[in-house]
Amino acid sequence: MASMLMNPIRSCSVSSSWAVRFGARSLSTTAQLQSQVQTKSKKTLARPGVKNIVLVEGVRTPFLLSGTTYADLMPHDLARAALQGLLKRTGIPKDAVDYIIYGTVIQEVKTSNVAREAALGAGFSDKIPAHTVTMACISSNQAMTSSVGLIAAGQCDAVVAGGVEFMSDVPIRHSRKMRKTMLSLNKAKTLGQRLSLIGSIRLAHLSPELPAVAEFSTAETMGHSADRLAAAFGVSRVEQDEFALRSHTLAKKAQDEGLLQDVISFKVPGRDIVSKDNGIRPSSMDQMAKLKPAFVKPHGTVTAANSSFLTDGASAVLVMSEEKALAMGYKPKAYLRDFVYVSQDPKDQLLLGPTYATPKVLERAGLSMSDIDVFEFHEAFAGQIMANLKAMDSDWFAQTYMGRKSKVGTPAMEKFNLWGGSLSLGHPFGATGCRLATTVANRLKKEGGQYGLIAACAAGGQGHAMVIEAYPQ
Amino acid sequence: MYVAVDALLKLQVEMAVTRAAGVFSKFATGKHPLLSGHARRIFSVSSHLAAHKHISFEYKDDVAVIRFNDPASKVNKQSLQLHELADVLGDIWLYRSSKSVVLISGKPGCFLAGADSNMLQSCTTSEEVASLCEEAQKLFRRIEQSRVPIVAAIHGSCVSRGLELATACHYRIATKSKETVLGTPEVMLGLLPGAGGTQRLPKMVGLLGAFDMLLSGKNITADEAKKMGLVDQLVDPLGPGLKSPEERTMEYLEEVAVGVANDLANKKIPLTREKRFRLKLWDAVTGLGPVRKIIYSTVTKRVQKQTKNLYPAPFQIIECVKTGIEHGSNAGYLAEAQSFGKLVMTSESKALIGLHNGRLLCKKNRFGPPEKEVKKLAILGAGLMGAGIAQVSVDKGLTSILKDTTEDAISKGYEKVYKSFDTRVKKKAMISFERDAIMSNLSIQTDYSGFESADMVIEAVFEDLNIKHKVLKEVEAVTPPHCIFATNTSALPVRDIAAASKRPEKVIGIHYFSPVDKMQLVEIVTTDKTSKDTLAAAVSVALKQGKIVVTVKDGPGFYTTRCMGCLLMESLRLLQEGVTATKSDFLATSFGFNVGPFAVTDEVGVDIGLHISEMLCKAFGSRYEGGSLEIVKTMLEKGLKGCKSGKGFFLYGKTKSVNPEVEEILKNHQVTAPSAISSEYDMQYRLLSRCINESLMCLQEGIIQSPLEGDIGAVFGYGFPPMHGGPFRFVDTFGAERLVSLMKRFEDVYGNQFTPCQLLLDHTKDPSKRFYQSSPSLLQY
């Protein structure tokens, strides 16, 4: 309790709620209140015998609409730019890193282990192993938590985690039949065999195969699922447009005020230096209302304006054990604390990851919703965010579908995605997770909070959440 | 269908008067009510709200939302609801109380049910029925001509009258749910859509599309309906939200429908919709008189071929559609109502409705839930039968082991199951992921591992008592005590198989028919020792597999095999008397059997046919005999095993033809046909009377428990002509006395094979005695 009183940086509204609870505590001794009181008395989530793992620094390339300035690059170029940015920002020696992990979703077949290609190009020592992970939109979250795992297990002391996505170019393949013919051509020995194979090619074989946009297990596209999810929770078009507008407005403000310090400048070969995200476009409600639904027609509510857009971008973070960071003279930004992964029905609950992950991770950390000062949730669709907020606020949903006694409650909007989100900054699938973590660390520092929470949904009906704690100033 | 404004107004006034008089059908010529609209509205709405039991309605701003909701029934009963609908719409038309209307069901799963068969049965004359149709026709035409746009919001089954109502509306919105099906199944009940279905569908989906729907009676999914132009807009079913998925989906559907209704009223959505190019093209082509003529005649010919002129309904449907198009709507509607009236009175329709109701009853588990739900099956024998049983089980969530003795056999069995689902993937009825998830319920193996957790073992091994005993002992050694042993035998008495069991109370017969995925029926055979719980478990498994269940007592050939067997015995005699196999099969099929006895024998296998026949002849003695089984024995010696060897009674090459080898064999077995009873009619009734008599005997002996189960078993098991409704209904319709007198003539020549059984004689003595009383749903348990 003393620590609570000593904690100097609390916003007004928060301290008043403390006061209410404080009063309540003296009157009541219910278990729930006691546990809440215990949490708030926690100054830190450090546990005896558990290694403290810190986020030293995080950077990202500017996130650009796909098909713009990055159009002629390759994914590992972007990843390399992020890695070089991280090297420059931290000044870490190129051989002081033990391991490199990258997340990506749509893989360029030439650089399937994009982590390795980018690391070599960025000038990291060729003695540093690197691997690539994929877990849809939480791929770089997986990269970060894998790093945490390596460090916690004592395998490594310093790991670079990151993510990259490049939507300006995706692998478009020949049709299966054409591929089969071409592979047989390789094996054909005589001219006659070759000619007969070539002769077997039909016009239909030439139609290309695009990367899947639909969920494999349900054949439903994500936008369609988001529209149904919004309808299931009764989220109106106006609510969605308002949220999207909020995201763009806040992002613009953050950009103008220079708060997006994780963004590094990137000289694109043959083009200008890029140093700003280019998808932030605050519009008006009227303008947004004019758009037609993009997936469910004609009565749907998800439009191009209230969805995240196809984005190119890469991110990188330096994760270290606290000991090592301090030994190397770093001042870490934040502790990476408890994290969870969840998964649920990929048809009807595809995008409800945050709803499932949030209470679980808070429980693990022994925190409650009100203990969190900074929320950074991945905004796949405005409708998805609103649906998650409503689900988290519903006792019925918590009891019926999550097997919980009661709802976890909704994050306070004045703490929520204050520097914009995926809707406005952009969402390079594999890179978003690191952006969320870095943003939480930067916001905790800027706003003076203690705990931050990131949460995200991902294709396949999966989700992730992680508690991040401010590093003492 | 344009109607002048004043005519419309007149209709509206008439409606109001009708409502005020409280009589729906009669049209009094009244004057426009003098009361001010407002005052009247308050008065009338409040008074009527209280009176409406089967629908409810509320205003959502400018939209009146009318909900069908019958508190007393699971499905919405349409007759009463339509009366009230007419009432409410009458108010809306008269007082202009809303700018548009949404019709929706208050019950998820059913928009509006089909015609109420009890109501139809209460009518005694076709005129009475026709006038009922005309009432509905009038209401639907008024809906069609309404200046207040009406939107149908459909979730769940929307068939027969439901579909007719929906098509009369100005806009149709349907959920993409699997439960949502549209269709006109009346033809399957020997009827036709009597409230404008034959008139409106051709305009909506084109002549060919309409014939396809009306004559097949098939269910159409929402997606297909959208493509055909039958519905205008689709709504996705929703998942969990702040309410249950079902509840919220209905709410969402209503929200979307209200939005559309507003847009229709404000002319944001035009009332006439652009048809798809393909439909337009068809319309243009079928707009040509000669083309239509060709279509009518082609369709008629096809129906003649398929129905062998045994069903009247399809022809009436073609006639009604034709009348409507060639002679105008009024003539069409009149023809439709009158045809419907006539069809309701036909024995064919009564038989088909009886079968329909019987089928529904046989899809219920009257033995209650078993103590332990069967979740894990083990199937012995991966042949056609075993694989078929696996196929209908794995997609219902039953984990199944498919066991055989060789790798080759289980591999083939797996392939057969896989192929059945893969075909559905190729037809886009399923995605590959679903196929894989279903297939993960199947494991194939050659040993008994995993049997220790099986809840039920179904054996489909060779029909040999020694082999059956061997597997039964092997299975009982590895299965837990609660595990049920079900034998899929078509003729071996179950008690003989159970004789080798340690746990005879757990032994039961489940007789599947081949091909398992196509044949709807199973016979469940109990012995004296079979426990109630074993029966309940077997029935629940069969129902889960989507089967119609008939429970029978153990006995040689149970029910269906025994009846089918005597058909073959008599056919063999015809063969000896010089009737060709083709002709003899034709005698059966022209009466309405799907396939003739020889074609069936070839299909099943001549060896199996002989095996069963010999066993049955041994069991029942001379009264069961007929033609000489020596013919069949010789056939087998020559390797004529039926379809599986490419030749049996017929040759199976590119076309089916009579096998000359059989003709050769027959030379040694010829008998002279008795001229007194060898007319085509007599020959046909020789076949028929024997299997009917056998069916009745089964009821008499307690093999089957009710005429209804007997009829269902006969029609779905061995293909008894559906338009006769089964042997029992046939006796009711044909007359027991008439049948007995025919049989006596045959008896004079052939002796005891044609001796009518006691039950049949009882019915002759008392002509008022019927197997079915007024209602076809009598299950005598």
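Chain identifiers are assigned alphabetically (A, B, ...) following the order of the sequence lines, protein sequences preceding nucleic acid strands; residue numbering begins at 1 within each chain. Side chains included, hydrogens not; waters and symmetry mates left out as well; all remaining heavy atoms used.
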Do other residues, nucleotides or ligands put more than 12 heavy atoms under 6.0 Å from the NZ atom of K60(B)? yes
Can you see which heavy atom on F397(A) is nearest to which on P240(B), and at what distance? CE1-CB, 4.0 Å
Crowded around H174(A) NE2? As in, over 12 foreign heavy atoms under 6.0 Å? no
Most chain B-contacting option - heavy-atom pairs closer than 4.5 Å, from A387(A), A231(A), S225(A): A231(A)
Around atom NZ of K99(B), are there more than 12 heavy atoms of other residues, nucleotides or ligands at under 6.0 Å? no
Is the number of heavy atoms from other residues, nucleotides or ligands within 6.0 Å of NZ (K227(B)) greater than 12? no
Over all heavy atoms of both residues, which pair between P245(B) and Y401(A) is shortest? Give the atoms and the distance, please. CD-OH, 3.2 Å
Once you round to the nearest 0.5 Å, how far does CG of D436(B) lie from CZ of F216(A)? 6.5 Å
Would you say K180(A) has more than 12 foreign heavy atoms packed within less than 6.0 Å of its NZ? no
Looking only at P237(B), G241(B), A437(B), the option with the highest number of non-hydrogen pairs under 4.5 Å against chain A is G241(B)
Engaged part of V260(B) at the chain A interface, taking heavy atoms whose separation is under 4.5 Å: neither
Is there a side-chain contact between H299(A) and Y252(B) (heavy atoms, below 4.5 Å)? yes
Side chain, backbone, both or neither: which part of T249(B) has an atom under 4.5 Å from a heavy atom of chain A? neither
Need one label for I431(B): side chain, backbone, both or neither, based on atoms under 4.5 Å from any heavy atom in chain A. side chain
So does D61(B) have more than 12 non-hydrogen atoms from other groups sitting under 6.0 Å from CG? no
Which region of F233(A), side chain (C-beta onward) or backbone (N, CA, C, O), has a non-hydrogen atom less than 4.5 Å from a non-hydrogen atom of chain B, or is it both or neither? both
Counting neighbours of NZ on K176(B) that are heavy atoms of other residues, nucleotides or ligands and sit closer than 6.0 Å, is the number greater than 12? yes
Where do L242(B) and S394(A) come nearest, in terms of heavy atoms and distance? CD2-CB, 3.5 Å
